[in-house]
Visitor: 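Supplied in structure tokens, the structure appears directly below.
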Amino acid sequence: MTRPRPLDVLFRGLIWAAGIVGMALPVWIVGFLLVRGAGRLTWSFLVDHPRGYPPGTEGGILPAILGSAALILVGLVIAIPLGVGGGLYLAEFCPSKRLQSYARAAVEALAGVPSILYGLFGFACFVVFLRMGISLLAGGLVLGLVMLPILLITSQEAFAAVAAQYREATLSLGTDRSAWIFWVLLPKARVRILAGLVLAVGHAVGSAAPVLFTASVYFRRGGLHLDQPVMTLPTHLYFLVSEAISFDHAFATALVLVLGLAIFNGAAMALRHQMRDS
Amino acid sequence: MVLFLLKETGLFQGLLPTRDLLQVAAPWSPLATPPSFGLGHAWVGSFLVTGISLALAVPLGIGIGIFAAEIAPPAVARILQPALELLAGIPAVVYGFFGYVTFVKWYADWSGQPTGESLLAAGVVLAIMILPFIASTSAEALRTVYQDYREAALGLGVTEGCLFRRIVLIKALPGLAAAVALGLARALGETLAVLMLSGNTAAMPEGPLSRGQPLTALLATELGETAAGSPKYRMLFSAACLLLLAVLALNMGILALKRRFFEHLHD
């Protein structure tokens, strides 16, 4: 081994610096939010309504949390059947490899479409054309569309990953195809699909652009109704900052979002480990 | 699934204005008589912000990719991976807020202006946002090549540095290009962060330090206060359609690059 050349040493140093920056950035961002937001983050902040004038300067963010959760639930009602069903079709029933690869490319392209365009589509199609108005239903449908491609891709991969021996063993026992799907394929793929679901939900909870014009308002009283607008966590944060209402509350809201998502993604990672073990 | 895409574009096309879309020089002044809907400032804003973010994120992201794929000891790589995932999982609106209380505030303090929003701040935050995507895609490409060639090349007595420069980097080029294209597509379509950081001013930006209004910010600002079916509404949707086309073209490019990367790997 010859002595390393100075250029190589320099290069190595630069790469190490890049790697350290990559590790320091998330620590900096999350640490910053923690230091500035943790003081405001109390139990009553989570379970109280926004109060004060303008609303949001005091009180809590309960309606925003509930609104985000309700939007996700409505979205899942369409995203789960379409996503898992579509994945099942592509993995099991698709007649030709060619159609499969085209459909896969289309879904991947759909997954790459910016979220603001989902918002515009939802506004034109659900809010205006289908006359749903700015409502929980319209926003939930848009978030369903946002989650759909992620869920479809992960469930297709989950189905494709179930080993072929299972298939041959099951079918050779004389069972029909539906028994194979319901008793073997779905249970085997369940953990992976769940991990994909967590990924999709985590992505949808944080995105404000799709619900900005389709579901959310800055402040409202009363419960959740399908035909009424809701508050959501990301748009609440956006309004708090852009209208300069309360930076203290904005820090705490951002912290709730980031910590909530970190727990969610941690769950997904734990699922993946469980998957590797079993 | 293809139908979904067609439906989406088809719907937009049904609303496409028959008039010329590309009045680049005209100002955006929908309230003037006659109203004028020039989108030039928004395109310039979008390209400036995207350009700044790529200029920062591409070298750093590929650097992190090389670090993760080759240099990092396994223990460090085990920390780096979830750190990047965490970075990728932070919502855009939180990035926007973070940028607002850091870069924007610093610039306001430093320059003495009452507010510090600028295209530069939006570009810097955008760079942090696309960094994990560029890093993980390029790390994956480099790792694939490295596994294939490492032992053969080292067995021939080639040094590590030469192996890296002459073989790995060249073979991984399509994969690295795909990483850059992915970052570009994400940066072009990102909305909330640029909306909060760019200043959102409908004037032609004079430079990276001035305020501006990238296309996505324009869409997010104006859509809420536009009557459905009006000329302004159609203009916004045709702008969205152009954005969609640009991003779809980029995605097709990424797919083609990835395919090429895997086909040529074993030549």
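Proteins come first, then strands; the chains are lettered A, B, ... in the order of their sequence lines, and each starts at number 1. Everything numeric here is computed off the predicted structure, so don't read it as measured data.
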Visitor: For a quick test of reading the model, state the closest non-hydrogen atom pair linking Ile15(A) to Gly63(B) and the distance between them.
Guide: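 In this case the closest contact between Ile15(A) and Gly63(B) is CG2-O, 3.7 Å.
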Visitor: Which region of Leu86(B), side chain (C-beta onward) or backbone (N, CA, C, O), has a non-hydrogen atom less than 4.5 Å from a non-hydrogen atom of chain A, or is it both or neither?
Guide: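 It is the side chain, since no backbone atom gets that close.
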Visitor: May I have the step-by-step check of side-chain contact (heavy atoms from CB on, under 4.5 Å) for Met23(A) and Val76(B), ending in yes or no?
Guide: CA-CA 9 Å; Met23(A) 284 181 285; Val76(B) 179; 3.5 Å; yes
Visitor: Just how far is it from atom CD of Glu85(B) to atom CG of Leu199(A), taken to the nearest 0.5 Å?
Guide: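 The CD atom of Glu85(B) sits 9.0 Å away from the CG atom of Leu199(A).
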Visitor: So what's closer than 4.5 Å to chain B heavy atoms on Ile116(A): side chain, backbone, both or neither?
Guide: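 Contact with chain B: backbone and side chain both.
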Visitor: Would you check, one step at a time, whether the test side-chain contact (heavy atoms from CB on, under 4.5 Å) holds for Trp28(A) with Phe98(B)?
Guide: CA-CA 11 Å; Trp28(A) 178 41; Phe98(B) 176 75; 3.8 Å; yes
Visitor: Restricting to salt bridge (Lys or Arg N to Asp or Glu O under 4.0 Å), what partner residues turn up for Glu108(A), sequence neighbours left out?
Guide: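 Salt bridge (Lys or Arg N to Asp or Glu O under 4.0 Å) check on Glu108(A) returns Arg104(A).
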Visitor: Give, for atom CG of Leu117(A) and atom CG of Leu248(B), the distance between the pair rounded to the nearest 0.5 Å.
Guide: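 One finds 9.0 Å between CG of Leu117(A) and CG of Leu248(B).
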Visitor: Using the rule given for side-chain contact (heavy atoms from CB on, under 4.5 Å), can you reason through Phe251(A) versus Val101(B), listing the C-alpha separation, both sets of side-chain angles and the distance that settles it, and then say yes or no?
Guide: CA-CA 10 Å; Phe251(A) 270 111; Val101(B) 291; 3.9 Å; yes
Visitor: Checking Leu60(B) against chain A: side chain, backbone, both or neither under 4.5 Å from a heavy atom?
Guide: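 Answer is both: backbone and side chain atoms of Leu60(B) are under 4.5 Å from chain A.
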Visitor: Flag the pair Val21(A) / Ile64(B) as yes when at least one side-chain heavy-atom distance between them is below 4.5 Å, and no otherwise.
Guide: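 Of all side-chain heavy-atom pairs linking Ile64(B) with Val21(A), none is under 4.5 Å.
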Visitor: Run through Leu233(A), Val258(A), Leu261(A) and flag the one making a side chain to side chain contact (heavy atoms under 4.5 Å, CB included) with Val94(B).
Guide: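 Among Leu233(A), Val258(A), Leu261(A), the one meeting side chain to side chain contact (heavy atoms under 4.5 Å, CB included) with Val94(B) is Val258(A).
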Visitor: For the atom pair CD1 (Ile90(B)) and CD1 (Ile29(A)), what is the distance rounded to the nearest 0.5 Å?
Guide: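 The distance works out to 5.0 Å.
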Visitor: Using heavy-atom distances under 4.5 Å, tell me whether Leu195(B) contacts chain A through its side chain, its backbone, both, or neither.
Guide: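 Looking at Leu195(B), just its side chain touches chain A.
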Visitor: Output the distance between atom CG (Leu192(B)) and atom OG (Ser207(A)), rounded to the nearest 0.5 Å.
Guide: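 It is 8.5 Å, given to the nearest 0.5 Å.
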Visitor: Answer with side chain, backbone, both or neither: which region of Thr216(B) has an atom nearer than 4.5 Å to a non-hydrogen atom of chain A?
Guide: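 Contact with chain A involves both backbone and side-chain atoms of Thr216(B).
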Visitor: Are Phe97(B) and Tyr238(A) an aromatic pair, judged by ring center distance below 6.0 Å?
Guide: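 Not close enough - the centres of the two rings lie 6.0 Å or further apart.
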Visitor: Would you compute the distance between atom CG of Leu120(A) and atom CG of Leu243(B) and round it to the nearest 0.5 angstrom?
Guide: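 It comes to 9.5 Å.
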Visitor: Who wins among Val27(A), Val30(A), Leu14(A), Val241(A) for the most heavy-atom pairs under 4.5 Å with chain B?
Guide: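 When all of Val27(A), Val30(A), Leu14(A), Val241(A) are compared, Val241(A) has the most.
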Visitor: Which pair of non-hydrogen atoms, one from Pro26(A) and one from Ala83(B), has the smallest distance, and what is that distance?
Guide: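 Answer, listing the atom of Pro26(A) first, then Ala83(B): CG-O, 3.5 Å.
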Visitor: Name the region of Val247(B), side chain, backbone, both or neither, that has any atom closer than 4.5 Å to a heavy atom of chain A.
Guide: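 The answer is the side chain of Val247(B).
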Visitor: What part of Leu255(B) gets closer than 4.5 Å to chain A, counting heavy atoms only: side chain, backbone, both or neither?
Guide: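 Only the side chain of Leu255(B) comes within 4.5 Å of chain A.
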Visitor: Excluding sequence neighbours, so at least two apart, what forms side chain to side chain donor-acceptor pair (under 3.5 Å) with Thr232(A)?
Guide: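 Once residues adjacent in sequence are excluded, the partners of Thr232(A) under the side chain to side chain donor-acceptor pair (under 3.5 Å) criterion are Thr235(A).
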Visitor: Does a side-chain heavy-atom distance below 4.5 Å link Phe11(A) with Ile66(B)?
Guide: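 Of all side-chain heavy-atom pairs linking Ile66(B) with Phe11(A), at least one is under 4.5 Å.
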